[in-house]
2 protein chains.
Amino acid sequence: MDTDVRNEVKADHRPDVSLGRRSPLAKTRIVVADRNVITRVGLRSILERNAGMAVVAEATSYEAALDAVDEHGPDVLIIDLDLGDDTTRGLKLCEEVTDRYPATKILVLAQKLSEMIVVEALRRGVTGYLSKDDVKADELGKGVRAVQDGETVLGKGVGSMVARGLGSTRGAAEHLTDRELEVIRAVAAGLSNKQIAHQAFISESTVKFHLQNASRKLNAHRRAEIVHRASAAGLL
Amino acid sequence: MDTDVRNEVKADHRPDVSLGRRSPLAKTRIVVADRNVITRVGLRSILERNAGMAVVAEATSYEAALDAVDEHGPDVLIIDLDLGDDTTRGLKLCEEVTDRYPATKILVLAQKLSEMIVVEALRRGVTGYLSKDDVKADELGKGVRAVQDGETVLGKGVGSMVARGLGSTRGAAEHLTDRELEVIRAVAAGLSNKQIAHQAFISESTVKFHLQNASRKLNAHRRAEIVHRASAAGLL
DNA sequence: TGACCCCCTAGCCAAATGGCTAGGGGTAGG
DNA sequence: CCTACCCCTAGCCATTTGGCTAGGGGGTCA
């Protein structure tokens, strides 16, 4: 592999003093976006054990992540797409980054694997997808190097999801509308169609209409299944 | 059980520093149990910034966690109760630790907050409960010190859960039987009672019976709500 | 042995749901 | 203007469900 040269760098004692162009090889500059302090510190610690890798910025929100990429133009963005209430915001962010900074590779580090998110993220140019719980310490460094080289890295369990996801959703994974999501949340709370209708100031027919559409989009046929899928996708 | 022998072992192992009162020299000995490497590294890094705190062991399973407590008799056990498929195993572990090593305080660090788990954990002698995503770096050190001093530490959002949890479940939060869980999982997959009955080689009546019991235990009245609660409790 | 819990089954009935067809009205963009 | 998409409504019908009562059999533990 290409580890030989990097090993030389590792032999250097402290790279923090001379980060100009002292080393023959440029450092891999990384931005970490995760709302969780512990994860950020852990990532920094693990990655910086690898000579030639530096975490140049941390972010805890979608905005901050984009700003950090704007400012630092990193080689790799490591991100947990779940940075707020709205998970789909993370997908938009991926789109923007790959669009505006094609040189910045994205490595997603997810807490929970959701088929929809995985497929959609890859569709938007994400080059790596790992599961936080399954990843080993050494796989992180390898993964970063791999995505930097343009390889696609899929962690344990992710590959099969891609296969299933691409197979099942033949058009594209349609995403739920606001109203549909609202109804689904009410269903998850155990409300009947009648109750939901009253709550949302719409007729019972409309509630059924939204649920029918949601059923189709999520490929579910029972409201319990809809709730499960939506829950697994982090939508509730 | 066989606790006597272990107590001897524990007594043998402990007294490297006198820890009656916390002297500036006595380190707070911590065991970290979490399946996630990144979290373990991050925790160690953050905690050891605080002078006087040392992570003496890490564990990635319930067994290993108990072994580590057996061996090191730490002052504080920091644990994510979700170390495997069966979340209730974590609760049993809390019971065992508080039972056998009352001097070891338990600080739960949860990825997702589940009302049932929170209430049950506190009922079993856990003295601290923080949410990974909400906790600030400095709160960790403070939290560890607090639980070590016997204080109860509840993170953001945990307190309200306790209030609601203790209010609603007047007897005790009964936990689901294996069969009930099996049926709920099938419901989450969108199966009808008839299909579930066929799959589990039981009659449709029995499926309904299990669901009725699960409804009562989870305080839900619709299968969609059952699925939601079970999902939120990390049971699926 | 009795108390207790889990698992299993039956039948009844009102209510809710799933699946369908068949519409109208709004807004945004090519 | 046409198209697409979202939101809203109506009715019909078979099926499923929620909620209930009323049992039997087996295991464990005091």
Side-chain angles (χ1 to χ4, degrees), chain A residues 86 88 91-92 120 169-231 235, chain B residues 1 86 88 91-92 95 120 169-231 235:
Chain A
D86 187 2
T88 59
L91 294 175
K92 287 187 201 120
E120 286 303 296
T169 59
R170 52 179 158 287
E174 312 173 73
H175 68 282
L176 303 171
T177 68
D178 294 342
R179 212 50 159 166
E180 283 157 4
L181 213 48
E182 184 185 346
V183 172
I184 293 177
R185 292 206 177 99
V187 168
L191 276 60
S192 71
N193 291 342
K194 194 174 299 192
Q195 292 173 304
I196 298 171
H198 184 261
Q199 193 185 58
F201 302 105
I202 56 182
S203 90
E204 204 176 329
S205 302
T206 308
V207 175
K208 291 181 70 175
F209 169 81
H210 288 307
L211 280 175
Q212 292 276 339
N213 289 329
S215 293
R216 183 178 36 75
K217 291 180 183 176
L218 293 174
N219 195 32
H221 301 273
R222 298 289 173 76
R223 46 176 56 204
E225 195 180 6
I226 295 178
V227 167
H228 185 220
R229 298 258 163 124
S231 179
L235 264 24
Chain B
M1 301 292 192
D86 187 2
T88 60
L91 294 174
K92 288 189 201 118
E95 212 166 358
E120 285 302 296
T169 60
R170 52 179 160 287
E174 313 174 73
H175 69 282
L176 303 170
T177 68
D178 293 343
R179 212 49 159 167
E180 283 157 3
L181 212 47
E182 184 186 346
V183 172
I184 292 176
R185 292 206 177 99
V187 168
L191 277 59
S192 72
N193 290 342
K194 194 175 298 190
Q195 292 173 305
I196 298 171
H198 184 261
Q199 191 185 60
F201 302 105
I202 56 182
S203 89
E204 204 177 325
S205 303
T206 309
V207 175
K208 293 181 69 175
F209 169 81
H210 288 307
L211 280 175
Q212 293 276 340
N213 288 329
S215 293
R216 183 179 37 74
K217 292 180 183 176
L218 294 174
N219 195 32
H221 301 272
R222 298 291 174 76
R223 46 176 56 204
E225 194 180 7
I226 295 178
V227 167
H228 185 220
R229 298 255 164 127
S231 180
L235 264 24

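Remember, it's a predicted structure, so these values are computed and weren't measured experimentally. Lettering follows sequence order; numbering is per chain, from 1.
Straight-line distance from the CZ atom of B:Arg223 to the P atom of D:dT16: 10 Å, rounded to whole Å. What separates NZ of A:Lys217 from C1' of C:dG18 is a distance of 18 Å, to the nearest Å. Distance CZ (A:Phe209) to C1' (C:dG18): 15 Å, rounded to an integer number of Å. Atom-to-atom, CG of A:Leu176 to P of D:dC7 comes out at 10 Å; the value is rounded to the nearest Å. One atom, CZ of A:Phe201, and another, P of D:dC7, lie 17 Å apart when rounded to the nearest Å. If you take CZ of A:Arg216 and P of C:dC20, they are 12 Å apart, rounded to a whole angstrom. B:Asn213 places its CG atom 12 Å from the C1' atom of D:dG19, with the value rounded to the nearest Å. To the nearest angstrom, P of D:dC8 lies 16 Å from NE2 of A:His198.
Residue B:Ser205 is in base contact, counting any heavy-atom pair closer than 4.0 Å across all strands shown. Contact annotation for A:Gln212: base contact, defined as any heavy-atom pair under 4.0 Å involving a base atom. Here B:Ser192 lies in heavy-atom contact (under 4.0 Å) with sugar-phosphate atoms only.
Of the possible polar contacts, none joining the B:Gln199 side chain to the B:Gln195 backbone as a donor-acceptor pair under 3.5 Å is found.
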Apply side-chain contact (heavy atoms from CB on, under 4.5 Å) to the pair B:Leu176 and B:Leu218, showing each step before the final yes or no. CA-CA 9 Å; B:Leu176 303 170; B:Leu218 294 174; 4.2 Å; yes
Test side-chain contact (heavy atoms from CB on, under 4.5 Å) applied to B:Asn219 and B:Arg229, step by step: CA-CA 9 Å; B:Asn219 195 32; B:Arg229 298 255 164 127; 3.9 Å; yes
As a quick check of understanding, evaluate side-chain contact (heavy atoms from CB on, under 4.5 Å) for B:Val187 and B:Ile226, giving each step before the final call. CA-CA 9 Å; B:Val187 168; B:Ile226 295 178; over 6 Å; no
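A sub-4.0 Å separation between OP1 or OP2 of C:dT17 and a side-chain N or O of A:Asn193 is present. OP1 or OP2 of D:dT9 has at least one side-chain nitrogen or oxygen of A:Thr206 nearer than 4.0 Å. Here A:Arg222 reaches the OP1 or OP2 of D:dT17: one of its side-chain N or O atoms lies under 4.0 Å away. An OP1 or OP2 oxygen of D:dC8 is reached within less than 4.0 angstrom by a side-chain nitrogen or oxygen of A:Arg179. Put simply, A:Thr177 has no side-chain N or O that comes within less than 4.0 Å of OP1 or OP2 on D:dC5. Note on A:Lys208: every side-chain N or O is 4.0 Å or more away from OP1 and OP2 of C:dG18. Listed pair B:Ser203 / C:dT9 meets the phosphate criterion, a side-chain N or O lying under 4.0 Å from OP1 or OP2.
When the nearest nucleotides of DNA chain D are assigned to A:Glu180 and B:Glu204 by heavy-atom distance, the more 5′-ward of the two goes with A:Glu180.
Separation of atoms CG (B:Leu235) and CD1 (B:Ile184) is listed at 7.0 Å; rounding is to 0.5 Å.
Proximity note for A:Ile202 (side chain, C-beta onward) versus D:dT9, C:dT9, C:dG19: the nearest is D:dT9.
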